[in-house]
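Residue numbers begin at 1 in each chain, while the letters A, B, ... track the order of the sequences. Nothing here was measured: the structure is a model prediction, and the numbers come from that model.
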Amino acid sequence: MTEATAGYLSIRDVNKVYGGQHGEATTALKSITLEVKQGEFLAILGPSGCGKSTLLQIVAGLINSTAGEVVLNGKAVTAPPPEMVYLFQQYSKSLLPWRTVEQNVALVFESRGMKKREIEERCGEYLGMVGLAGFRKHYPWQLSGGMQQRVAIARALAAQPRVLLLDEPFSAVDALTRIELQSLVLDLWARQGLTILLITHDVDEAVFMADRIAVLSSRPSTVEMVVDTDLPRPRDAMGTRELPRFLQLRHELVEHLLHRQNAGRVDA
Amino acid sequence: MPELGRKGFGLLSILGVLLLWELVCRAGLVNLSLLPSPSQIAPALWKILASGSFLVPLGQTLGMLLIGYTIACVAGVALGLLMGCSEYLYGLLEPLVEVIRPIPKPALIPAMVVFLGIGAGMKITMVALAALFPVLINTLQGVRGVDPVLLATARTLGCSRFETIRKIILPASLPMILTGMRVSLSMGLVLVILAEMLAAESGIGFLILDLQRSFQVRPMYAWIAILAAVGLVLNILFEMVEDRAVPWRAK
Ligand SMILES: Nc1ncnc2c1ncn2[C@@H]1O[C@H](COP(=O)(O)OP(=O)(O)OP(=O)(O)O)[C@@H](O)[C@H]1O
Ligand SMILES: [Mg+2]
């Protein structure tokens with residue numbers, strides 16, 4: 001794993017206001033500032049509708065912020081940078097239904113002037129990583145939700161990003177699949193030396209996977225607090241969850257979130 | 001197969017109407033020289049089919065239809081994609097489309113005859129004009145309806161604009177494009193027959209009118225039956241193409 005480097009990805013005073021001209025304006029993000037180190041795994045925890053997807057899509061260069069800036073490796077992000085891939089919350093909608101699993105992954109290779117054989121090999125390699133080697137010729141709609149998410153992950157990895165932006169990647173799969181996919185992503189993160197930003201509203205997931213956790217307030221959102229998890233790696237699906245530090249962190253975070261809700265904040 | 005069973009059942013209604021028609025004729029309720037019975041039309045139909053004399057007019061009509069239709073499909077998809085992908089072109093062309101589209105296309109036949117005469121050029125142009133708009137409008141709607149998630153996925157994965165159009169937008173709009181093409185096909189058939197009736201010296205439309213004028217009522221109805229079969233076959237062929245082209249829609 002590469003040593004964490006400061007100032008790799010900076011999110012500075014990002015503010016986002018939706019609409020405004022005709023209807024009423026929605027301030028999704030008030031002011032978000034976060035520093036992400038290279039090779040870091042950062043989880044972003046926040047209530048539903050607080051602007052998590054908005055934030056991550058701004059980081060990905062997919063939508064413009066109203067104010068503030070995102071800087072990756074010294075360059076301001078104004079369009080999707082090649083070294084960053086955003087994985088949609090609605091992952092099943094992000095797969096091309098007219099392409100097989102293999103062809104979906106091939107999408108990222110086709111523009112690079114590779115030969116057909118080479119593309120097939122590379123696709124096989126990435127599908128193997130997510131355990132879908134046997135489903136190359138299937139169409140996305142023939143797969144379960146968890147398998148579709150694996151295809152989306154394989155395709156994102158095939159684009160060889162340095163930064164992976166995951167928007168609630170496991171929220172639509174069953175509990176067991178979720179645990180499997182969490183371990184898969186952690187494994188790939190470690191092996192490929194990725195930097196990962198993961199959005200979730202699952203406290204357990206955030207603590208289990210991340211190096212640091214940023215907690216967002218409800219809309220208009222700000223960063224309420226950032227905590228270091230300080231849990232040993234590699235993490236183990238069972239063992240890590242039984243560590244006193246894990247339980248303590250989870251307790252603190254849940255208490256914080258509950259307390260905030262009881263304090264009368266609106267949770268959309 | 002239940003599918004076949006249902007279709008077979010539907011045939012009953014056709015048989016019923018034919019039977020009723022036959023009975024009405026035999027009972028002497030209509031003038032047989034104006035409305036011959038099915039059993040009188042059948043031999044006329046058989047004569048046309050067996051002698052092979054249907055081949056030339058059918059070829060002429062279908063030829064004009066397919067040329068005009070192909071032009072309309074290519075132009076409609078191209079224009080729809082351009083207008084759907086460029087706000088600028090949309091702003092420029094949308095008013096023009098909205099002005100020409102509502103004109104009932106048969107109204108243009110006399111004008112086209114003035115410019116292009118009564119030959120193939122006129123018929124092809126009329127078919128193309130009539131078939132263009134359903135394809136264009138449906139393509140445009142298809143393009144505008146592409147899921148934003150797909151478009152953003154293409155961007156984050158680093159697809160170029162051109163790649164996105166070819167690999168995402170075009171296939172994603174294909175179901176809508178095919179819907180437009182299906183509507184266009186029947187429009188085209190209507191227009192080619194009408195153009196042949198109003199201004200032509202060949203083709204099935206011309207023939208039907210000519211037979212009517214010379215009081216050859218039985219062959220006239222036989223040709224109408226042939227047209228019904230043509231429409232039916234075209235539709236079945238189209239459905240087969242559609243099922244192959246968009247298998248993911250059947251999920
Ligand atoms: N394109 C848009 N136009 C207008 N408002 C929007 C748009 N996208 C999001 N919003 C609003 O911005 C707020 C934040 O939306 P966002 O999807 O970023 O939240 P989220 O935290 O990802 O929610 P969830 O947990 O449900 O995924 C919401 O109130 C939403 O209604
Ligand atoms: Mg979201």
*Looking at K167(B) and L107(A), what are the two nearest heavy atoms and their distance?*
CD-CD1, 3.9 Å

Considering only heavy atoms, which portion of [X] lies under 4.5 Å from any heavy atom of chain B: side chain, backbone, both, or neither?
{"X": "F88(A)", "answer": "side chain"}
{"X": "R155(A)", "answer": "both"}
{"X": "I63(A)", "answer": "neither"}

*asked:* Tell me which of these, L174(B), T153(B), L151(B), has more heavy-atom pairs under 4.5 Å with chain A than the rest.
replied: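 With the most close heavy-atom pairs to chain A, the winner is T153(B).
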
*asked:* Nearest 0.5 Å, please: how far is CG in L165(A) from OG1 in T156(B)?
replied: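 The distance works out to 7.0 Å.
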
Within a 6.0 Å radius of atom [atom1] on [X], are there more than 12 heavy atoms belonging to other residues, nucleotides or ligands?
{"X": "E24(A)", "atom1": "CD", "result": "no"}
{"X": "K116(A)", "atom1": "NZ", "result": "no"}
{"X": "R244(B)", "atom1": "CZ", "result": "no"}

*Given a strict heavy-atom distance threshold of 4.5 Å, which part of A154(B) is in contact with chain A: side chain, backbone, both, or neither?*
neither

*Got a donor-acceptor contact below 3.5 angstrom from the S94(A) side chain to the V149(B) backbone?*
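Between the backbone of V149(B) and the side chain of S94(A) there is no qualifying donor-acceptor contact (under 3.5 Å).
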
*Side-chain (R155(B)) to main-chain (L62(A)) donor-acceptor, under 3.5 angstrom*: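 Yes; at least one donor-acceptor contact below 3.5 Å.
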
